[in-house]
Structures are given as structure tokens and as C-alpha cells.
Amino acid sequence: MIKTPDMSAKESLPSLLDLPASRWREAMAQWIDAPYRADQVADWVFRKGVYDFAAMLNLPVEVRADLTQRCSVEPPSINRTFESSDGTQRHLMGLADGASVEAVTMPYEDRVTLCLSSQVGCRFACRFCQTGIMGLTRSLTTGEIIGQALRLRTELKAPDLPVNIVLMGQGEPLDNAEAVAQAITGLQDPVGPALSWRRITLSTVGVVSEIRRLAELGERRPRLAISLNATTDTVRSEIMPVNRKWPIAELLSAIRSLPWRARERVTFEYVLLAGVNDRREDAARLGELLRGLPAKVNLIPWNELPGLPYQRPSARTIEEFRLQVLRGGLDALVRYSRGTDIGAACGQLHAAVRRSGQERSDLEVPTSGA
Ligand code: SAH
């Protein structure tokens, strides 16, 4: 028999969200006699968006009461939502220990993209990124990562559109590789959200040791995006300290040796900083560096952050850079970030309640009692 946990400490209950849903049967076997009850719980959680055992009406009352005492399926809460004029929403997500993290909802015509965080803060200190400036507070658990997607999905205005997940919020996913790998597995679990690997993208600064280990995920390996951001080690080390440990050649060789699937492509993100990495030579070198890789390039004009010594290049420089990359034989798109007016854009996330933006008070929930 399992000891009854202390009910005053709700947050200390084990979260089923830490496990892929197809393992809930085994996890719950010690508490409930009929294995199909676990599938019923998964149905409430993943199909109906119900996270309170008491409201899972097809479970016997005693089972509901028992589960409430033993475990939790509660995802992070939405403490506040800011909505951009382009429809993007930035959410402050409250975690069980009182920490908070940001997640972003980006609606498109044919899909919704959810941008999730993997850590509270980040320890990689990229010079041009707000999250890098705040430093690392802690890594998220698997349940907290999957939970962001669950909670945001419950709030979608167009719940029937396909959902894409990008691990591009706060934190470096490969600095929390174990929990992130479990979350990626959980998101693809057929009893759970059942997303295809094609709908999940992991973005990394280039933690080479962990990129190599991604191969262990086999068919579950998500799409990859690499924040390259420079074409020489001198410049990259200057703006991304991680490059001193894993320079460009090592990073690219790790990527080359991943087992690429048919038609799969790897995205290289390239934040354009005026006078730093936006020269014609950079564009040409990008083509040389990535030759032979199934690569495409996303050029991200730098999003202004107060107090940082960078500037976004002119529209003309950006376009010339793109054309030069194309001439080198690579696909290149300019990605203007969404949600810049509410601090939801690439590089702007740092989880303080700041920038008023257009707040959606209807989604506000009291933080006390969480
Ligand atoms: N740590 C991972 C996940 C975060 S993704 C990574 O770096 O890949 C965030 C993306 O936004 C990265 O490609 C990063 O290079 C980019 N970025 C950071 N600050 C930015 C800014 N101010 N403007 C535009 N893009 C930025």
C-alpha cells in the first residue's frame, strides 16, 4: 500500500504528465484495478482538456477521490495573457513552485504554432537575447513542458486546426535534454497528443554532445533548428559564448552525421545584426558552410531589445543578404517575428510582468491559491 500523501502539499504529488500516456496503465496499476481506467483518464486529459479527476465523470467516485490524493495531471496555469495585433498571444505560465515561464500561441490560417519553454531562463548568455541575459533559474520537468502545450491547446480559438510545437521559448532544450526527450516522446504518444515528429521542432544553440544523442530517439527525433547566427568562429564566439566550446565545424559535423530521413531538412536560424553578421561575405560563406546539407535558412531580423548594442539591418540589406544566400544554392526565407508589440518575439522572452501590451483580462486567473 502506498502511504496517503499530505494533502496540504498539492504540488508535491507526482505528475502523470511526466510519463508518456501509454505508460499510465503501469503507473496507475498500484492504485486502480482496471487498466482501462488509465485510458479513460488519458482521454479526459488529452482529448477533452479536463485536468481535475473529480470532473472525470465516467470514473467511479471512489477512484476519482483516490486519484486526486495520489497524483496530478494539472498542467501549468495561464496567469496572464498578452495579445498582439497580429493575433499572437504571449502567456505567463505559472508553475507549481511559484516560478513562471512564457509560452506563445501563433495562429495561422491553416495551423496553430505553440512555442514552448524548456527552462526558466537560460545559461547560454547569447549577447543579443533577453533570455540569455537573465541567466538560468531552473530546468522544467517533462510534465511542465508537455503541460504548456496542453494548457494552451485548451484555450485555442480554433481548436480544430493542426498544432505545431516549437521548442523555441525560454531556455536551451538540449541543456535539459533528458526531460525534453521525454516530452517529445510524450507528445508523440498515440494514447497522448499523438503528434507526428514532423509537427515538433527543437531549436538549439548547438550543444553538440546532445545533438549526437538525438539519434537515440530514432523515428521520434523531432525536426531540428540550429541557431547558427554567424559564419566565422570569431564572430560566433563573440555573440554566442557556446561557440567557444563547440565551434562551427564541430557543430556542422555533428549535424551532418545525424541519420536524416527522406526529404527531411534542417533549419538554420540566422539572426541578422547590422554590421556584425550581415555582410555579403557572410551570406556567401553561409552557402559554403552548409553545402551538401539538407538545409534551409531562416533569416530573423534582430528584434530590438533595450540596452543592447545591436541594430536590425535595413530592409535593403536584409533582402540583399537573402538573395546572396539564394545564389549560394540554399533556400532562404526572411522571418519577421510575430508578437513584437507584446514582447513575444524571438529573443524577447524573460517572464517578467512587463510591457502592458493588450492584456486579455478574461484569461487572467488569480495567482494566489495556485
Ligand atoms: N536556446 C534555443 C531555443 C530558443 S529559440 C536556441 O537558441 O535555438 C530562440 C531563437 O531566437 C534563436 O534562434 C535565437 O537565435 C533567436 N533570437 C534570440 N534573440 C533574438 C532577437 N533579439 N531577435 C531575433 N531573434 C532572436
Side-chain angles (χ1 to χ4, degrees), residues 14-27 42 46 114-120 122-124 136 138-150 163-228 240 242-243 245-269 290 292-296:
S15 172
L16 288 178
L17 299 180
D18 284 332
L19 291 174
S22 54
R23 290 186 48 203
W24 287 8
R25 281 179 173 225
E26 23 53 82
F46 295 105
L114 304 178
C115 175
L116 310 183
S117 292
S118 54
Q119 297 181 309
V120 185
C122 182
R123 67 188 180 98
F124 284 81
L136 178 68
R138 72 164 171 95
S139 284
L140 299 189
T141 61
T142 296
E144 287 169 335
I145 299 168
I146 293 187
Q148 293 169 66
L150 278 181
V163 169
N164 285 349
I165 304 274
V166 297
L167 286 159
M168 297 188 183
Q170 279 180 33
E172 166 49 47
L174 296 186
D175 191 34
N176 183 19
E178 211 51 58
V180 164
Q182 280 290 322
I184 286 166
T185 303
L187 287 166
Q188 294 177 58
D189 192 291
V191 183
L195 289 178
S196 149
W197 65 269
R198 291 185 179 78
R199 297 209 169 270
I200 307 174
T201 302
L202 182 157
S203 179
T204 176
V205 294
V207 179
V208 166
S209 51
E210 295 299 334
I211 289 178
R212 296 211 173 93
R213 285 188 51 203
L214 280 174
E216 292 168 16
L217 281 173
E219 271 310 301
R220 290 194 310 274
R221 179 162 52 83
R223 287 186 190 279
L224 262 196
I226 309 289
S227 297
L228 188 61
M240 299 180 70
V242 66
N243 194 70
K245 181 151 187 194
W246 290 296
I248 294 175
E250 231 180 285
L251 171 59
L252 294 180
S253 124
I255 293 165
R256 274 178 215 285
S257 55
L258 278 176
W260 296 100
R261 289 160 285 210
R263 292 187 306 280
E264 179 178 5
R265 292 206 290 174
V266 50
T267 301
F268 286 88
E269 293 150 296
L290 305 185
L293 270 168
K296 61 176 175 173

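Listed here is the closest heavy atom pair of Q188 and R220: NE2-O, 2.8 Å. Annotation for I165 and A149: closest pair CD1-CB, 3.7 Å, computed over non-hydrogen atoms. The minimum heavy-atom distance linking G218 with R261 is given by the pair O-NH1, 3.9 Å. In terms of heavy-atom proximity, V208 sits nearest to W246 at CB-CD1, 3.4 Å. What you find for T201 and A225 is that their closest heavy atoms are CG2-CB, 4.0 Å. Nearest heavy-atom pair across P222 and I200 is CB-O, 3.4 Å.
Residues satisfying the side chain to side chain donor-acceptor pair (under 3.5 Å) test with R23, not counting sequence neighbours, are none. For E172, there are no salt bridge (Lys or Arg N to Asp or Glu O under 4.0 Å) partners two or more places apart in sequence or in a different chain. Applying the side chain to side chain donor-acceptor pair (under 3.5 Å) test to Q119 and every residue at least two apart in sequence or in another chain returns S139, D175. Taking the salt bridge (Lys or Arg N to Asp or Glu O under 4.0 Å) definition, one finds that R221 meets it with E264, sequence neighbours left out. Scored by the side-chain contact (heavy atoms from CB on, under 4.5 Å) test, K245 finds no partners at all (sequence neighbours excluded). A search for side-chain contact (heavy atoms from CB on, under 4.5 Å) contacts involving S196 returns R198, not counting sequence neighbours. Residues meeting the side-chain contact (heavy atoms from CB on, under 4.5 Å) test with E216, sequence neighbours left out: R213. Applying the ring-ring contact (aromatic ring centres under 6.0 Å, His included) rule to F124 yields no partners; only residues at least two apart in sequence or on another chain are considered. Take S227 and apply the side chain to side chain donor-acceptor pair (under 3.5 Å) test, not counting sequence neighbours, and it matches E269. Taking the side-chain contact (heavy atoms from CB on, under 4.5 Å) definition, one finds that Q182 meets it with P20, T142, sequence neighbours left out. Checked against side chain to side chain donor-acceptor pair (under 3.5 Å), R25 has the following partners two or more places apart in sequence or in another chain: D39.
With rounding to the nearest 0.5 angstrom, the CH2 atom of W197 is 12.5 Å from the CG atom of L217. With rounding to the nearest 0.5 angstrom, the CD1 atom of I145 is 9.5 Å from the CG atom of D18. Atoms OG and CG, on S117 and N176 in that order, are 11.0 Å from each other to the nearest 0.5 Å. Considering CG of L195 and CD1 of I184, their distance stands at 11.0 Å, rounded to 0.5 Å. Remark: I226 CD1 to T204 OG1 distance equals 6.0 Å, nearest 0.5 Å. One finds the CD1 atom of I146 at 9.0 Å from the CG atom of L19 (value rounded to the nearest 0.5 Å).
In this structure the side chain of L174 reaches within 4.5 angstrom of the side chain of L202, judged on heavy atoms. L140 places none of its side-chain heavy atoms less than 4.5 Å from the side chain of L116.
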- Taking it one step at a time, do T185 and D189 satisfy side chain to side chain contact (heavy atoms under 4.5 Å, CB included)? CA-CA 6 Å; T185 303; D189 192 291; 5.8 Å; no
- Task: Step by step, work out the side chain to side chain contact (heavy atoms under 4.5 Å, CB included) result for W24 and L17.
- Result: CA-CA 9 Å; W24 287 8; L17 299 180; 4.1 Å; yes
Indicate every side-chain donor-acceptor pair of residues 248-260 with a distance under 3.5 Å to a residue at least two apart or in another chain.
| residue | atom | partner | partner atom | Å |
| --- | --- | --- | --- | --- |
| R256 | NH1 | R291 | O | 3.0 |
| R256 | NH2 | L289 | O | 2.9 |
| S257 | OG | S253 | O | 3.1 |
| S257 | OG | A254 | O | 3.1 |
| W260 | NE1 | I255 | O | 2.8 |
| W260 | NE1 | L258 | O | 3.4 |

